[in-house]
Asker: 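My structure is below; once you've seen it, I'll send some questions.
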Amino acid sequence: MAMTGSKWILSIFITLAVVAAVDAQLSESFYAAKCPRAPAKVAEVIRSWIARDRTLAPALLRLHFHDCFVRGCDASVLLDGAKSEKNAGGNKGSLRGFNVIDDVKAKVESLCPGVVSCSDILALAARDAIVAMGGTNWTVPLGRRDGVLSIQSEADANLPSPFASFDTLSSNFAKKGLTTKDLVVLSGSHTVGLAQCAVMQTRLYNFSATAKTDPALEPTFAAALKRQCKQGDLTTKIKMDQTKAVDSWDPNYYSNVLKGKSLFRSDDQLKKNSVGLKIVQTMNRIPSPFNAEFGAAMVKMGRIGVLTGTSGQIRKKCNVKN
């Protein structure tokens, strides 16, 4: 037992040392000398896309999240390939925004060829997209480099599932160095965006042997969902927050969780744990600390497994390695 405890303590120290090293190498001013106009150019291009299609904002945020949870924030999710992350169950047919990132990359490359990584562009695009739709802002430390591998099975194993229990979600996040608080706060991004009816089929029509519909769903809410997502409908997309006429960035998600009006089982699970419930209730207060906490969690998530220094590469095109 003593040896196990010693190994655990050593692993904590190693993790802290790695985090400290990453913190030292990532900086908001990383491109100040080599490509000072890059962050502004990313924001400019993102604003033009969001002005045409606001649904791209949560899509770009999700793209960054799905990148960081597999191999770290190394833009591996952008790589093409028959068995790449793009083809994982949680990505195929639902991840959007690849064309936006390609557009940003091309315009940044015209400014400073071979300088700005796709992984940094992903991190900036996620922030700039939420700002462009009227949401919160946060700092984005830069200096990530791009990975050269993208493996479908790793994405299948690492991406949190919308069907997951609280314990499974907590484990998923803990493996990435994220806390229960980070889990609850980052889940708040479900206040915007779209979901496929395919994800709702089990909760609405085949929940258990004793209840076809998940009893955790508020009855009138469940009925409304069934009108939008017919049994067997795998393609229709519906709004994540059904209580708003127009998507807006706010802490309303937490009110929905408490009232049984959140779409995913994973959302509802946040209140099934006493610690999770307390955080949900805190985020639901007026005024809510959600925006500040979300920004802090995004900065933390954006440091997961990053490549810096001479590791990885700076891709010329985001969908293929050099």
Side-chain angles (χ1 to χ4, degrees), residues 26 30-31 34-35 37-39 41-50 52-53 55-130 132 140 142-159 193-194 196 237 301-302 304-308 310-322:
L26 296 185
F30 185 83
Y31 295 111
K34 292 185 177 180
C35 195
R37 294 170 56 197
K41 176 56 70 173
V42 174
E44 175 191 318
V45 178
I46 292 298
R47 282 195 300 271
S48 70
W49 278 93
I50 303 306
R52 287 175 279 170
D53 182 0
T55 68
L56 283 168
L60 288 166
L61 179 64
R62 183 170 181 255
L63 195 56
H64 180 42
F65 180 93
H66 280 223
D67 178 47
C68 291
F69 261 67
V70 185
R71 305 189 71 84
C73 309
D74 67 345
S76 55
V77 74
L78 303 178
L79 289 171
D80 290 335
K83 295 184 178 181
S84 71
E85 292 173 30
K86 288 183 177 181
N87 293 295
N91 291 338
K92 189 174 183 179
S94 65
L95 272 191
R96 301 170 57 222
F98 297 107
N99 57 330
V100 178
I101 298 301
D102 289 342
D103 184 33
V104 174
K105 176 63 170 175
K107 289 180 169 62
V108 171
E109 282 290 300
S110 68
L111 290 178
C112 317
V115 174
V116 181
S117 68
C118 297
S119 47
D120 274 346
I121 287 174
L122 264 180
L124 286 168
R127 187 271 311 274
D128 295 337
I130 296 302
V140 180
L142 302 168
R144 302 166 189 80
R145 289 171 65 84
D146 300 326
V148 296
L149 293 174
S150 182
I151 302 172
Q152 178 182 336
S153 60
E154 290 184 350
D156 286 325
N158 283 277
L159 290 176
L194 301 171
Q196 290 181 319
K237 293 181 179 180
M301 187 193 78
I304 296 174
V306 299
L307 302 173
T308 58
T310 57
S311 299
Q313 61 183 213
I314 305 298
R315 288 185 216 144
K316 297 175 182 177
K317 292 186 176 182
C318 290
N319 64 322
V320 291
K321 64 182 182 180
N322 295 344

Asker: Between Trp49 and Leu60, is there a side-chain heavy-atom distance shorter than 4.5 Å?
Answerer: no
Asker: If you round to the nearest 0.5 Å, how far is CG of Asp146 from CD1 of Ile121?
Answerer: 8.0 Å
Asker: Heavy-atom distance under 4.5 Å between the side chains of Asn319 and Phe98, does that happen here?
Answerer: no
Asker: How about Leu142 and Leu124: do any of their side-chain heavy atoms sit closer than 4.5 Å?
Answerer: yes
Asker: Heavy-atom distance under 4.5 Å between the side chains of Pro39 and Phe30, does that happen here?
Answerer: no
Asker: Locate the shortest heavy-atom distance separating Ser150 from Leu79; write the atom from each residue and the value.
Answerer: CB-CB, 3.8 Å
Asker: Before giving the answer on side-chain contact (heavy atoms from CB on, under 4.5 Å), spell out for Asp53 and Arg96 the whole-Å C-alpha distance, their side-chain angles and the decisive distance to 0.1 Å.
Answerer: CA-CA 12 Å; Asp53 182 0; Arg96 301 170 57 222; 3.2 Å; yes
Asker: How far does CG of Leu78 sit from CZ of Arg315, to the nearest 0.5 angstrom?
Answerer: 6.0 Å
Asker: Under 4.0 Å between a side-chain nitrogen and a carboxylate oxygen: does that hold for Asp128 and Arg47?
Answerer: no
Asker: Taking side chain as C-beta onward, heavy atoms only, is Leu95 less than 4.5 Å from Glu85?
Answerer: no
Asker: Just to verify, what does Asp156 make a salt bridge (Lys or Arg N to Asp or Glu O under 4.0 Å) with, not counting sequence neighbours?
Answerer: none
Asker: Ser110 and Lys41: side-chain contact (heavy atoms from CB on, under 4.5 Å), yes or no, with the steps?
Answerer: CA-CA 11 Å; Ser110 68; Lys41 176 56 70 173; over 6 Å; no
Asker: Is there side-chain contact between Met301 and His64, with heavy atoms separated by less than 4.5 Å?
Answerer: yes
Asker: So, taking the atom named CG in Leu111 and the one named SG in Cys35, what distance separates them when rounded to the nearest 0.5 Å?
Answerer: 5.5 Å
Asker: To check you understand the geometry: which heavy-atom pair defines the closest contact between Val108 and Ala38, and what is its length?
Answerer: CG1-CB, 4.4 Å
Asker: Which atoms form the tightest heavy-atom contact between Glu109 and Lys316, and what is the distance?
Answerer: CG-O, 3.9 Å
Asker: When you measure from the side chain of Gln313 to the backbone N and O of Asn322, does any donor-acceptor pair fall under 3.5 Å?
Answerer: yes
Asker: Given the rule in the side-chain contact (heavy atoms from CB on, under 4.5 Å) test, do Cys318 and Asp102 qualify, once you have shown the distances and angles that lead to the verdict?
Answerer: CA-CA 7 Å; Cys318 290; Asp102 289 342; 4.1 Å; yes
Asker: On a heavy-atom basis, which atom in Asp120 and which in Tyr31 lie closest, and how many Å separate them?
Answerer: OD2-OH, 2.5 Å
Asker: Within the side chain of Ser76, is there an N or O that forms a donor-acceptor pair under 3.5 Å with the backbone of Gly147?
Answerer: no
Asker: Taking C-beta and beyond as the side chain, do Val70 and Val77 meet within less than 4.5 Å on heavy atoms?
Answerer: no
Asker: Nearest 0.5 angstrom please: Cys68 SG to Leu63 CG, how far?
Answerer: 10.0 Å
Asker: Could you check Lys83 against Ile151 for side-chain contact (heavy atoms from CB on, under 4.5 Å), going step by step and ending with a plain yes or no?
Answerer: CA-CA 6 Å; Lys83 295 184 178 181; Ile151 302 172; over 6 Å; no
Asker: Should the pair Asp67-Arg144 be classified as a salt bridge under the 4.0 Å nitrogen-to-oxygen rule?
Answerer: no
Asker: For the side chain of Ser117 and the backbone of Ile314, is there at least one donor-acceptor N/O pair under 3.5 Å apart?
Answerer: no
Asker: Using 0.5 Å steps for rounding, measure from the CD1 atom of Ile101 to the SG atom of Cys118.
Answerer: 8.5 Å
Asker: Report, as yes or no, whether the 6.0 Å neighbourhood of atom NZ on Lys321 holds more than 12 heavy atoms from other residues, nucleotides or ligands.
Answerer: no
Asker: Please determine which of Lys86, Gln152, His66 meets the side chain to side chain donor-acceptor pair (under 3.5 Å) test together with Asn91.
Answerer: His66
Asker: Between Val115 and Lys34, which heavy-atom pair has the shortest distance, and what is it?
Answerer: CG1-CB, 3.9 Å
Asker: For Arg127 and Ala123, indicate whether the former's side chain and the latter's backbone hold a donor-acceptor pair under 3.5 Å.
Answerer: no
Asker: Quick one: does Ser119's side chain have a donor or acceptor within less than 3.5 Å of a partner on Asp74's backbone?
Answerer: no
